[in-house]
Amino acid sequence: MSQAVSPLLPDMDMVSDNACLLTFSQTISEAISDRIAQVSQQLTNLPGIIDLIPSYTTLLVVFDGDHFDRFAICKAIRQLILKSDPKDALQADVREIVIPVYYGAEVGPDLDEVAAHCGLSTDDVIEQHSANLYRAYAIGFTPGFAFLGNTPAQLHIGRKTTPRLKVPIGSVAIAENQTAVYPSVTPGGWQIIGRTPIKLVDWGSENLALIAMGDKVRFEPISRQDFLAQGGNLDGF
């Protein structure tokens, strides 16, 4: 792979007989994220494309290698990308999603630990986490799991030394300079500071996940009473 990567024509590497990886940059930025979102949208209707998996600086393109010539598909991908202008990738109508969160020890077992590590009170942690506007840089790990950045510098904390075997659905967590919501019950090693009552994944919806790459996300503190009134569940720990 070349050292300098052009967002106009990203590096393309075959990773299997039915998938290629497009690398747009070696560094993370909102401009690169916008460009990846733009290209993803352009490739959606390309014949033979099965799935598109965007990340921080890359886009994995999965195609039907059994019924389509992979070299022809790769050529078509390059042509579509070359026809598009990175300057048009700026998203004028970026969605802003507000996620209600109940921050409390019974649903956020790591809240006190995070506060102590950061030299803050729990109220300070809640205030800083909810005051920030985050960007969805990548979707992965499990369906609907959005990697959101960047958390305020004062809240930077590493993952847990020993991951939990079971993290309840809706858990709001932080790790390093990122935050996220667990859309399903899975193992996980992030620091859990709260929980949302809303569903991040709707298996009956055409879009499946509430958060898409490029979306802006804000967390809104709610009371325990509001959390329960909105269907929140306190079980899990």
Side-chain angles (χ1 to χ4, degrees), residues 1-2 4-97 99 133-150 178-181 183-184 200-218:
M1 183 178 295
S2 61
V5 182
S6 168
L8 179 62
L9 185 60
D11 281 348
M12 177 184 291
D13 295 303
M14 297 300 299
V15 294
S16 73
D17 289 339
N18 65 338
C20 65
L21 184 69
L22 304 177
T23 301
F24 291 79
S25 177
Q26 303 294 348
T27 57
I28 300 171
S29 71
E30 290 202 5
I32 291 300
S33 183
D34 283 337
R35 177 61 167 154
I36 293 173
Q38 177 196 37
V39 172
S40 297
Q41 184 177 11
Q42 292 170 333
L43 296 180
T44 299
N45 298 319
L46 187 68
I49 300 297
I50 295 176
D51 198 8
L52 297 163
I53 305 174
S55 187
Y56 296 94
T57 59
T58 63
L59 175 64
L60 180 66
V61 184
V62 182
F63 50 83
D64 184 357
D66 294 329
H67 300 91
F68 291 84
D69 181 83
R70 63 172 179 163
F71 297 106
I73 288 182
C74 289
K75 182 178 180 180
I77 291 172
R78 287 182 178 274
Q79 290 175 338
L80 274 178
I81 294 175
L82 280 172
K83 289 179 181 178
S84 63
D85 189 342
K87 295 178 181 178
D88 297 331
L90 297 177
Q91 300 179 16
D93 299 319
V94 174
R95 295 192 309 165
E96 182 172 322
I97 299 170
I99 297 180
L133 186 63
Y134 302 93
R135 180 189 181 91
Y137 277 105
I139 309 294
F141 174 53
T142 60
F145 190 102
F147 292 83
L148 308 173
N150 294 313
Q178 300 175 104
T179 187
V181 181
S184 57
L200 273 291
V201 173
D202 182 356
W203 294 102
S205 170
E206 180 179 350
N207 295 325
L208 180 65
L210 174 65
I211 304 173
M213 183 173 173
D215 286 345
K216 300 287 187 175
V217 177
R218 187 183 301 279

Check the pair Thr27, Thr57 against side chain to side chain contact (heavy atoms under 4.5 Å, CB included), reporting the backbone distance first and the verdict last. CA-CA 7 Å; Thr27 57; Thr57 59; 5.9 Å; no

Pair Arg35, Gln38 - check side chain to side chain contact (heavy atoms under 4.5 Å, CB included), show working. CA-CA 5 Å; Arg35 177 61 167 154; Gln38 177 196 37; 2.5 Å; yes

On a heavy-atom basis, which atom in [X] and which in [Y] lie closest, and how many Å separate them?
| X | Y | answer |
| --- | --- | --- |
| Arg95 | Ile97 | NH2-CD1, 3.7 Å |
| Gly144 | Pro183 | C-CG, 3.7 Å |
| Met213 | Ser55 | CE-O, 3.3 Å |
| Phe24 | Pro10 | CE2-CG, 3.6 Å |
| Phe63 | Cys20 | CE2-N, 4.0 Å |

Let me confirm one number: the [atom1]-[atom2] distance from [X] to [Y], rounded to the nearest 0.5 Å.
| X | Y | atom1 | atom2 | answer |
| --- | --- | --- | --- | --- |
| Ile139 | Leu208 | CD1 | CG | 10.5 Å |
| Leu148 | Lys216 | CG | NZ | 11.0 Å |
| Gln26 | Thr58 | CD | OG1 | 10.5 Å |
| Tyr137 | Asn150 | OH | CG | 5.0 Å |
| Asp69 | Asp64 | CG | CG | 11.5 Å |
| Ile53 | Ile36 | CD1 | CD1 | 13.0 Å |

Consider side chain to side chain contact (heavy atoms under 4.5 Å, CB included). Of Val39, Leu59, Leu43, which one does Ile77 pass it with?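 The single option meeting the side chain to side chain contact (heavy atoms under 4.5 Å, CB included) with Ile77 is Leu43.
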
Can you name the one residue among Leu22, Leu52, Leu21 that meets side chain to side chain contact (heavy atoms under 4.5 Å, CB included) with Leu60? Leu21

Please report the C-alpha distance between Asp202 and Leu210 in whole Å, then the side-chain angles of each, then the deciding distance to 0.1 Å, and finally whether the side chain to side chain contact (heavy atoms under 4.5 Å, CB included) criterion is met. CA-CA 8 Å; Asp202 182 356; Leu210 174 65; over 6 Å; no

Salt bridge present between Arg135 and Asp34 (N-O < 4.0 angstrom):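 Yes, charged N to carboxylate O under 4.0 Å.
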
Minimum side-chain heavy-atom gap [X]-[Y] below 4.5 Å:
| X | Y | value |
| --- | --- | --- |
| Val201 | Ser184 | no |
| Ile49 | Val61 | yes |
| Asn18 | Val62 | yes |

Would you check, one step at a time, whether the test side chain to side chain contact (heavy atoms under 4.5 Å, CB included) holds for Met14 with Cys74? CA-CA 9 Å; Met14 297 300 299; Cys74 289; 3.5 Å; yes

Check whether Ser29 reaches the backbone of Ile32 with its side chain - one donor and one acceptor, N or O, closer than 3.5 Å.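 A pair under 3.5 Å: yes.
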
So with a 6.0 Å cut-off around CD of Gln42, is the heavy-atom count from everything else above 12? yes

